[in-house]
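Just below is one structure, and these are the notes that go with it.
Start at 1 with the first residue, then count along the sequence. The structure displayed is predicted, hence computed values, not measured ones. All values below were derived from every heavy atom in this structure, side-chain atoms included, with hydrogens, water molecules and symmetry-related copies excluded.
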Amino acid sequence: MLKPWLGRAAVLALPALPTLLAMLTTAVLFILFLLIQGQPAWQAGPLVFEGAFGSMFAWENTLMRAAPLMLTALCVALPARAGLIIIGGEGALVLGGLAAAVTPLWLPALPAWPMLIAMGVAAMLAGGLWIGLSGWLRQKRGVNETIGSLLLSYIALAIFRHLVEGPLRDPNSLNKPSTPPLDSSYQIGVISDSFYVHWGLVAGVVACVLAWVFVRYSVVGFSLRIVGGNPRTPRMLGLPVDRLVLLTCVLGGAAAGLAGMYEVSAVQGSANTALISGYGTAGILVAFAARHHPLGIIVCAILLGGLEASGGLLQRRLGLPDATTLILQGILFINLLAWEALSRRALDWRLWLRGHWIAAPSSRAGTTEVSHG
C-alpha cells in the first residue's frame, strides 16, 4: 500500500524538480561567488532569510515587492500556455501605469471607486493591447514573439519617457519629471494599519487563482494545452489558433498593465521614471521558476520578492552592493534555463512511475483475483 502513495507523491513532485535543482545549484554558485570576494559566505543565507522573512517589517517589504511580480509573471505564463515566450512585461507595466495616471485628467470628477475601476480598465487595455500586438505580429507576420515583445518593450519605455518628460509632465515636478499627482481619494491604501501592504497583493493572488481556474477547468484552457503542445494538431482539429494566441497575449498584457496601475496609485502617486523598476523583467524569472503554473507563481513571487527585500540587509551587514541580489537573480535564471532540459526527461519518469509504482500493484491485484476465481 505504501508504494502507490510514494509513486503518486513522486509524480506530483517531478514538475518541480528542475526548479529545486536550479535553486540548489544557484545557492552553491552564490556561495562560491562570495568566497571569491573574501566575504563570509556562511552568513549570507541567514541574512537573506532574515531580510526577507525575519520580522513583520521584512514580510511587509517582501509582499509589497511580490504583488507586482505575480501580475507581470502572468504576462509570461499565460502566453506560454499557447507555446509563446513573451518577455515584454516591462513595457506593458509602464504603459498601464501611465494610462492609469492620466485617466483622472481626461475624465470628469468621479467618486473614488468608479475612478479606480476606470483607471484599472485603462491600465489593462493599454497593457493588453501592447502585448496583444506581439501576438498579432507573430501570427500574422511571422515575427518571433520573443524578439518582438522585447523590441516593443523598448519602444514602450521610450514612449513613456517622452510623454512623462514632455506633453504630460507636471510643471511642478522639477528634478523628477512625472505626471500630475493623483488626488488622495484615487490612491489605494494599505490592507490594514497592522499590515502595511497595499491591495495589489490581493489583486495578484486573485489573478493567479483565476488564471489557474481558467487554464485548468475551462474549454479554452484545454484548447490552449493542445495549441501549446503541438503546433500542427490544433489546426488539424479546427481550433482557432490565432484567436487563442491573441487571447493569451491580451490577458497576460492586461495583468502586467494592472500591476502598473497599482504601482502608480498605491506606491508612486503619479507616473514617473521610478515606475521602470525591473518588475517586468523579474516577472520572467518568476514565471520560469514556477514552470508557468499560476498557483506556483504566488510562491515564487514571494520568494523572489524576499530576495529583493534582503538586498538592504546584505549591504548593511556584509558591506555588499545592493546589486548583489541582482547577481543572485541572474544566476538563478541561468540555472533555470540550464535545468530546462530535465523537464523533458521528467515526462518519461512520470510515465515510468505510473507504470511501475502506481499501476503495477493494481494490475497484480487483478491477476490475483483471476487466479483465485
Side-chain angles (χ1 to χ4, degrees), residues 19 22-23 26-27 29-31 33-34 39 41 43-77 87 89-90 92-94 97 153 190 195-205 207-208 255-256 258-260 262-264 266-268 272-290 296-336:
T19 299
M23 294 176 65
T26 299
L29 292 177
F30 186 65
I31 290 174
F33 171 74
L34 294 178
Q39 298 291 341
Q43 297 182 16
L47 286 178
V48 168
F49 181 83
E50 182 182 349
F53 311 110
S55 64
M56 180 55 70
F57 175 79
W59 268 104
E60 291 171 348
N61 196 10
T62 294
L63 294 177
M64 191 79 76
R65 296 168 184 266
L69 292 177
M70 296 178 191
L71 294 170
T72 55
L74 288 177
C75 186
V76 181
I87 59 173
E90 189 78 8
L93 183 146
V94 299
S153 182
V190 296
F195 189 58
Y196 202 76
V197 179
H198 61 73
W199 285 94
L201 175 66
V202 177
V205 172
C208 289
L258 186 62
Y262 277 103
E263 284 298 297
V264 165
V267 180
Q268 304 295 339
N272 53 65
T273 53
L275 199 62
I276 309 174
S277 55
Y279 282 128
T281 306
I284 303 171
L285 176 57
V286 172
F288 273 85
I297 285 175
I298 299 175
V299 178
C300 292
I302 293 174
L303 292 177
L304 188 60
L307 287 180
E308 294 182 353
S310 64
L313 190 60
L314 289 174
Q315 186 178 20
R316 292 192 302 270
R317 297 283 184 86
L318 299 182
L320 296 173
D322 191 48
T324 302
T325 55
L326 296 179
I327 296 175
L328 179 58
Q329 292 177 28
I331 296 174
L332 177 58
F333 189 63
I334 292 175
N335 277 284
L336 285 170

What do the steps show when you test Thr19 against Leu336 for side chain to side chain contact (heavy atoms under 4.5 Å, CB included), and what is the final call?
CA-CA 6 Å; Thr19 299; Leu336 285 170; 4.2 Å; yes
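- Distance check, rounded to the nearest 0.5 Å: CG of Leu63 to CZ of Phe195 gives 5.0 Å.
- Atoms CZ and CG, on Phe33 and Leu29 in that order, are 11.0 Å from each other to the nearest 0.5 Å.
- The minimum heavy-atom distance between Met70 and Cys208, with the atom names listed, is CB-SG, 4.0 Å.
- The backbone N or O of Tyr279 lies less than 3.5 Å from a partner atom in the side chain of Thr72, making a donor-acceptor pair.
- When every heavy atom of Gly51 is checked against every heavy atom of Ala58, the shortest pair comes out as O-CB, 3.4 Å.
- The 12-atom threshold is not exceeded at OH of Tyr196, counting heavy atoms of other residues, nucleotides or ligands nearer than 6.0 Å.
- The distance from the OG1 atom of Thr324 to the CG atom of Leu307 is 12.0 Å, given to the nearest 0.5 Å.
- Closest approach of Leu318 and Gln43 over heavy atoms only: CD2-OE1, 3.4 Å.
- Panel note: side chain Thr325, backbone Glu308; no donor-acceptor pair is recorded below 3.5 Å.
- The distance from atom CG of Leu47 to atom OG of Ser310, rounded to the nearest 0.5 Å, is 8.5 Å.
- For the pair Gly283 and Leu69, the tightest heavy-atom approach, listed with the atom from each and the gap, is N-CD2, 4.0 Å.
- Glu263 contributes no side-chain N or O that, together with a main-chain N or O of Leu275, makes up a donor-acceptor pair within less than 3.5 Å.
- For the pair Asn61 and Ala309, the tightest heavy-atom approach, listed with the atom from each and the gap, is ND2-CB, 3.7 Å.
- Side chain of Glu60 to backbone of Val197: no donor-acceptor contact under 3.5 angstrom is found.
- Between Ala73 and Ala287 the shortest heavy-atom distance is O-CB, 3.6 Å.
- Residues passing the side-chain hydrogen bond (donor to acceptor under 3.5 Å, both in side chains) test with Thr281: none are found, sequence neighbours excluded.
- Between Phe53 and Trp59, the ring planes lie tilted relative to each other; the angle falls in the 30° to 60° range.
- Leu285 contributes atom CG, which lies 13.0 Å from atom CD1 of Ile87 (distance to the nearest 0.5 angstrom).
- Formation of a donor-acceptor pair under 3.5 Å by the Asn335 side chain with backbone atoms of Ile331 is found in this model.
- The structure places CD1 of Ile327 at 13.0 Å from OG1 of Thr26, a figure rounded to the nearest 0.5 Å.
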